[in-house]
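Here is the structure we will look at.
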Amino acid sequence: MAAPAMADTAQAHGGAVRFSPVTVDFPASPASWHMDQFEPIPGSTDVYTPDATASGNALRLSEGVGRTPGPFALNQSRPDDQALTFDGTPAGAASTDGPLVRMFDGSGFSASAFVRADDVTPDSQTVVSQDGEVGSGFRLERLSAGDGCPDGLQACWGFRMYAGDGGSSVLATSDRPVTAGEWVHLTGVFKTSTNELSLSVCPVPVDPDGRDPEGTGIPVVDPGSGTAAYAGSPWLASGPVQVGRSQVEGSPADHWNGAIDEVRLYGEPLSSGRIMRICTGSLV
């Protein structure tokens, strides 16, 4: 069911700008892409992967996006699980037709994905973002040591929001290091009630003999996390969602090298319990 939210529209009155609230409706889960099914696009080499929610926001994949078994196929809990692969170049593109996340409406939003980084090079790389006209509104990403990682880490995971289109950013990072070839589940959460960003990094064991040695259903390693306070003003990133890249100065950038699976966007902040259930394989 759609949840009501408030957006601000600017109106000029005698040189002053006032903001009037306008009620808009958007789903609690704007999109969820399992990456397991693909539909051809007539007259194009691109394909769609369908949205698992009722919103119907399909993700369009360019010819340069590949396929590989996902983490739940590797640990044999869901044999048909597939993931998308990207080679770190502009050849791999995956995007929606338009914006899905209203970052400052309602109680906030969440973005999550299962990811495998194939390198820890100095370049930053983006898992999922939403475009503005110039830059991105938010980015779930893998960062290098010189781009905000905690001391001692060559690469780290981050969740970033921007204080305006192309403006300065606020970054939450995890102290869990990035290991090339390791599958992890990332969740970025923003709460409007506290203006707080948080990032959860949950490792995903892919060894079918060692994924749950104690039979608890909980990952062997506890998730890492980080928080940051957003101090900017609300604004609307009005461009499409991008998977495997972001936008810098109006052009695609920070291309992903590795695999991405189960990208989900929510029009609400997820609880830690919900994040853990998703990490351990829940499809809802």
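Numbering starts at 1 and runs along the sequence shown.
Remark: side-chain polar atoms of Trp235 are not paired, donor with acceptor, to backbone N or O of Gly137 under 3.5 angstrom. Between the side chain of Ser110 and the backbone N or O of Glu268, at least one donor-acceptor pair lies under 3.5 Å. The closest donor-acceptor contact from the side chain of Arg67 to the backbone of Val65 lies under 3.5 Å. In this structure, the side chain of Ser62 engages the main chain of Ala91 through a donor-acceptor pair within 3.5 Å. Between the side chain of Asp36 and the main chain of Gln82, a donor-acceptor pair closer than 3.5 Å is present. In this structure a side-chain-to-backbone donor-acceptor pair under 3.5 Å is missing from Asp118 to Asn257. At least one donor-acceptor pair closer than 3.5 Å links the side chain of Thr192 to the backbone N or O of Ser107.
In this structure the side chain of Arg116 reaches within 4.5 angstrom of the side chain of Thr68, judged on heavy atoms. The shortest side-chain heavy-atom distance between Tyr266 and Thr53 does not fall under the 4.5 Å cut-off. Residues Glu141 and Trp157 have side chains not in contact (no heavy-atom distance under 4.5 Å, counting atoms from C-beta outward). Side chains of Cys156 and Asp175 form no contact here, defined as non-hydrogen atoms less than 4.5 Å apart. Counting heavy atoms from C-beta outward, Ser129 and Gln247 have side chains that stay 4.5 Å or more apart. At least one side-chain heavy atom of Pro203 sits less than 4.5 Å from a side-chain heavy atom of Arg176. You'll find the side chain of Pro71 reaches within 4.5 Å of the side chain of Asp261, heavy atoms only. Between Leu59 and Met35 the shortest side-chain heavy-atom distance falls below 4.5 Å.
Of all heavy-atom pairs spanning Gly70 and Trp183, the tightest one is CA-CZ2, 4.4 Å. Contact between Ala31 and Leu100 at its shortest, heavy atoms only, is CB-CD1, 3.7 Å. When all heavy atoms of Gly148 and Thr173 are compared, the closest pair comes out as O-CG2, 3.6 Å. Here the closest heavy-atom approach between residue Arg102 and residue Asp105 is recorded as CD-OD2, 3.0 Å. Of all heavy-atom pairs between Val170 and Ala231, the closest is CG2-N, 4.4 Å. In terms of heavy atoms, Pro30 sits closest to Gly267 at CD-N, 3.3 Å.
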* Between Leu186 and Phe159, is a side chain to side chain contact (heavy atoms under 4.5 Å, CB included) present by the stated rule, with each step listed? -> CA-CA 9 Å; Leu186 306 179; Phe159 175 50; over 6 Å; no

* Apply the test side chain to side chain donor-acceptor pair (under 3.5 Å) to residues Asp254 and Ser246: give CA-CA distance (whole Å), side-chain angles for both, the deciding distance (0.1 Å), then the verdict. => CA-CA 6 Å; Asp254 303 319; Ser246 62; 2.9 Å; yes

* Ser169 vs Arg139, side chain to side chain contact (heavy atoms under 4.5 Å, CB included): CA-CA, chis, key distance, verdict -> CA-CA 10 Å; Ser169 67; Arg139 290 163 53 173; over 6 Å; no

* Would you please test His255 and Gln125 for side chain to side chain donor-acceptor pair (under 3.5 Å) and show each step? => CA-CA 5 Å; His255 301 279; Gln125 299 175 10; over 6 Å; no

* To do: Check step by step if side chain to side chain contact (heavy atoms under 4.5 Å, CB included) holds for Arg142 and Asp119.
  => CA-CA 10 Å; Arg142 194 226 73 186; Asp119 63 52; 2.8 Å; yes

* **Candidate pair Trp33 and Leu265, rule side chain to side chain contact (heavy atoms under 4.5 Å, CB included), full reasoning** => CA-CA 9 Å; Trp33 299 293; Leu265 304 173; 4.1 Å; yes

* Derivation of the side chain to side chain donor-acceptor pair (under 3.5 Å) call for Thr121 and Asp123 -> CA-CA 6 Å; Thr121 59; Asp123 298 326; 4.6 Å; no

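Transitive grouping of hydrophobic side chains (ILVMFWY, heavy atoms separated by less than 4.5 Å) keeps Leu171 and Met161 in distinct clusters. With hydrophobic clusters built from ILVMFWY side chains whose heavy atoms lie under 4.5 angstrom apart, Val184 does not share a cluster with Leu153. Hydrophobic cluster membership is shared by Val47 and Ile260, with clusters built from Ile, Leu, Val, Met, Phe, Trp and Tyr side chains linked at under 4.5 angstrom. Residue Leu143 is not grouped with residue Val120 when hydrophobic side chains (ILVMFWY) are merged at heavy-atom distances under 4.5 angstrom, including chains of intermediate members.
Test Val201, Thr280, Ile275 against His185 for side-chain contact (heavy atoms from CB on, under 4.5 Å) and you get one pass: Ile275.
For Tyr230 and Phe138, the distance between ring centers is not under 6.0 angstrom.
Salt-bridge check for Asp131 with Arg245: failed, with every basic side-chain N at 4.0 Å or more from each acidic carboxylate O.
Here the straight-line distance linking atom CG of Leu197 with atom OG1 of Thr227 works out to 9.0 Å at 0.5 Å rounding. Rounding to the nearest 0.5 Å places OG of Ser136 at 10.0 Å from CZ of Arg160. Of the inter-residue distances, the one linking Thr126 atom OG1 with Leu140 atom CG reads 9.0 Å to the nearest 0.5 angstrom. Here the OG atom belonging to Ser112 is positioned 5.0 Å from the CD1 atom belonging to Ile278, to the nearest 0.5 angstrom. Going from atom CG of Asp51 over to atom NE2 of His34 covers 9.0 Å, rounded to the nearest 0.5 Å. To the nearest 0.5 Å, the span separating CD on Gln130 from OG on Ser95 amounts to 11.5 Å.
Between the side chains of Asn75 and Ser77, at least one donor-acceptor pair of N or O atoms lies under 3.5 Å.
Using bins of under 30°, 30° to 60° and over 60° for the plane-to-plane angle, the ring pair Phe109/Phe190 lands in the tilted bin.
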